[in-house]
Amino acid sequence: VHRAEIERIWEKLPRVHDTKRMQELEERFSRFLSGAQTDVSDTAARDFEPERFSKETRLQFDRHLQGLAQAVASGAVQDAALHEEALRQPVFAKLELTEEQVEKLNRLRSETRRLKGWAKWSEELSREKLIRWVEELDSATGRVDELAATVVKAREEWKALNAVSGMASREQWIRFDTACNRAYEPVVEHMREQAEAKEKNVRHAEALIEKVRVFAEAFECASAKSL
């Protein structure tokens with residue numbers, strides 16, 4: 001809302017009959033209007049000052065460029081990708097870079113692409129190692145609970161790889177899932193045998209209870225006849 005519009009709204013408001021009170025209100029309104037105009041002007045000057053905007057933008061650019069260089073040097077792929085993406089913000093396109101900065105940025109971007117490629121290859125290699133490890137598990141040896149824990153751990157590591165490098169190919173997933181299911185078969189069989197044994201014990205207990213009940217009824221009937 002512009003100052004002229006505020007003044008028009010003020011003029012349309014009903015006037016206060018008390019002259020002294022009206023004068024006080026007029027003075028307060030005048031002070032408010034002057035202060036508001038000053039605040040707006042000051043804020044606009046601060047927010048749109050070209051030199052200040054350029055300085056802050058350049059500082060942000062330098063921080064991201066330095067962060068990218070450090071990430072590339074240490075092989076931190078994720079950090080490098082974050083800084084490289086940040087440097088592509090439109091606000092940085094307005095900066096006038098030196099030839100040295102342009103060369104450095106292009107070199108670091110190339111190194112980031114190389115790191116991403118190496119990381120993807122490494123993660124694919126890790127998947128293949130994990131698949132072979134599960135395929136080579138000897139289900140016939142070892143305790144069932146240890147085998148179950150091993151398969152669970154393998155699936156957790158697979159999920160961790162998915163979180164880092166994206167989903168595996170369909171062929172890899174089928175191989176891995178098939179290997180895990182095969183390795184887990186003794187665990188499933190053990191659980192089935194335990195369930196059957198539990199059911200058998202329940203039936204045995206119920207039969208024993210029935211025999212005791214029949215014996216108790218017969219004993220009670222015999223005792224009654226002897227009286």
Side-chain angles (χ1 to χ4, degrees), residues 60 63-89 104-215:
Q60 291 179 8
R63 281 196 294 267
H64 283 300
L65 187 62
Q66 182 179 0
L68 178 59
Q70 292 174 348
V72 168
S74 60
V77 183
Q78 295 294 331
D79 290 343
L82 290 174
H83 285 295
E84 198 274 334
E85 182 179 357
L87 287 168
R88 293 185 182 276
Q89 296 179 69
K104 182 177 181 179
L105 180 58
N106 290 335
R107 176 178 57 80
L108 290 174
R109 281 175 171 167
S110 176
E111 287 293 315
T112 301
R113 288 193 295 271
R114 184 185 65 80
L115 282 176
K116 287 180 179 179
W118 177 85
K120 184 174 179 61
W121 175 83
S122 178
E123 287 151 3
E124 290 297 328
L125 184 62
S126 297
R127 278 200 180 98
E128 287 297 324
K129 286 183 177 180
L130 185 59
I131 292 172
R132 287 198 297 270
W133 178 62
V134 178
E135 287 176 339
E136 294 170 2
L137 279 177
D138 187 356
S139 303
T141 62
R143 294 170 49 182
V144 174
D145 56 344
E146 293 177 350
L147 178 61
T150 300
V151 175
V152 170
K153 181 181 179 182
R155 289 194 180 276
E156 289 176 348
E157 291 185 5
W158 182 271
K159 289 181 180 178
L161 286 172
N162 287 343
V164 172
S165 59
M167 300 301 293
S169 66
R170 184 173 183 276
E171 291 74 17
Q172 284 181 319
W173 165 245
I174 291 175
R175 281 181 58 198
F176 176 74
D177 190 53
T178 301
C180 285
N181 290 337
R182 180 197 59 78
Y184 206 73
E185 284 177 358
V187 180
V188 176
E189 179 64 19
H190 177 71
M191 293 172 64
R192 185 184 64 79
E193 291 175 354
Q194 282 190 322
E196 290 179 352
K198 182 178 180 180
E199 181 64 23
K200 183 178 179 180
N201 291 336
V202 169
R203 290 197 299 268
H204 179 72
E206 290 176 344
L208 184 60
I209 292 172
E210 180 63 18
K211 288 181 180 180
V212 172
R213 185 186 65 78
V214 172
F215 175 80

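Because the structure is a prediction, the values reported are computed rather than measured. Every heavy atom of this structure was used, including side-chain atoms; hydrogens, water molecules and symmetry mates were not.
- A side-chain donor-acceptor contact under 3.5 Å links Gln89 to the backbone of Ala86.
- To the nearest 0.5 Å, atoms CG (Leu108) and CZ (Arg113) are separated by 11.0 Å.
- Other residues, nucleotides and ligands contribute at most 12 non-hydrogen atoms within 6.0 Å of the CD atom of Glu85.
- Between the Arg182 side chain and the Val134 main chain, a donor and an acceptor come within less than 3.5 Å of each other.
- Heavy-atom minimum distance, Thr178 versus Ile174: OG1-O, 2.7 Å.
- The shortest heavy-atom contact between Ala183 and Leu137 is CB-CD1, 4.0 Å.
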(Q) If you apply the rule salt bridge (Lys or Arg N to Asp or Glu O under 4.0 Å), what do you find for Arg107 with Glu111, and how did you get there? (A) CA-CA 6 Å; Arg107 176 178 57 80; Glu111 287 293 315; over 6 Å; no
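- In summary, of the residues considered (Ile209, Leu208, Val202), a side chain to side chain contact (heavy atoms under 4.5 Å, CB included) with Glu206 occurs for Val202 alone.
- Minimum heavy-atom separation, Leu130 to Ala154: CD2-O, 3.7 Å.
- Between Val151 and Val187 the shortest side-chain heavy-atom distance does not fall below 4.5 Å.
- Ala80 approaches Ala71 most closely through the heavy-atom pair N-CB, 3.5 Å.
- For Ser110 (side chain) and Asn106 (main-chain N/O), no donor-acceptor pair under 3.5 Å exists by modelled atom type.
- A salt bridge does not link Arg175 with Glu171: every distance from a Lys NZ or Arg NE/NH1/NH2 to an Asp or Glu carboxylate oxygen is 4.0 Å or more.
- Enclosure of atom CD in Gln66 is not indicated, since only 12 or fewer non-hydrogen atoms of other residues, nucleotides or ligands lie within 6.0 angstrom.
- In terms of heavy-atom proximity, Ala69 sits nearest to Lys104 at CB-CE, 4.3 Å.
- Using modelled atom types, one finds no donor on one side chain facing an acceptor on the other under 3.5 Å when comparing Gln60 with His64.
- Between the CG atom of Leu87 and the CG atom of Leu82 there is a distance of 11.0 Å, given to the nearest 0.5 Å.
- Between Leu68 and Thr112 the shortest heavy-atom distance is CD1-OG1, 3.5 Å.
- Of the possible polar contacts, none joining the Arg109 side chain to the Glu84 backbone as a donor-acceptor pair under 3.5 Å is found.
- Around the CZ atom of Arg170, the shell of radius 6.0 Å holds no more than 12 heavy atoms that belong to other residues, nucleotides or ligands.
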Q: Show the numbers, then the answer: is there a salt bridge (Lys or Arg N to Asp or Glu O under 4.0 Å) between Arg203 and Glu199?
A: CA-CA 6 Å; Arg203 290 197 299 268; Glu199 181 64 23; 3.8 Å; yes
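- Relative ring orientation between Trp158 and Phe176 is described as parallel, the plane-to-plane angle staying below 30° on a 0-90° scale split at 30° and 60°.
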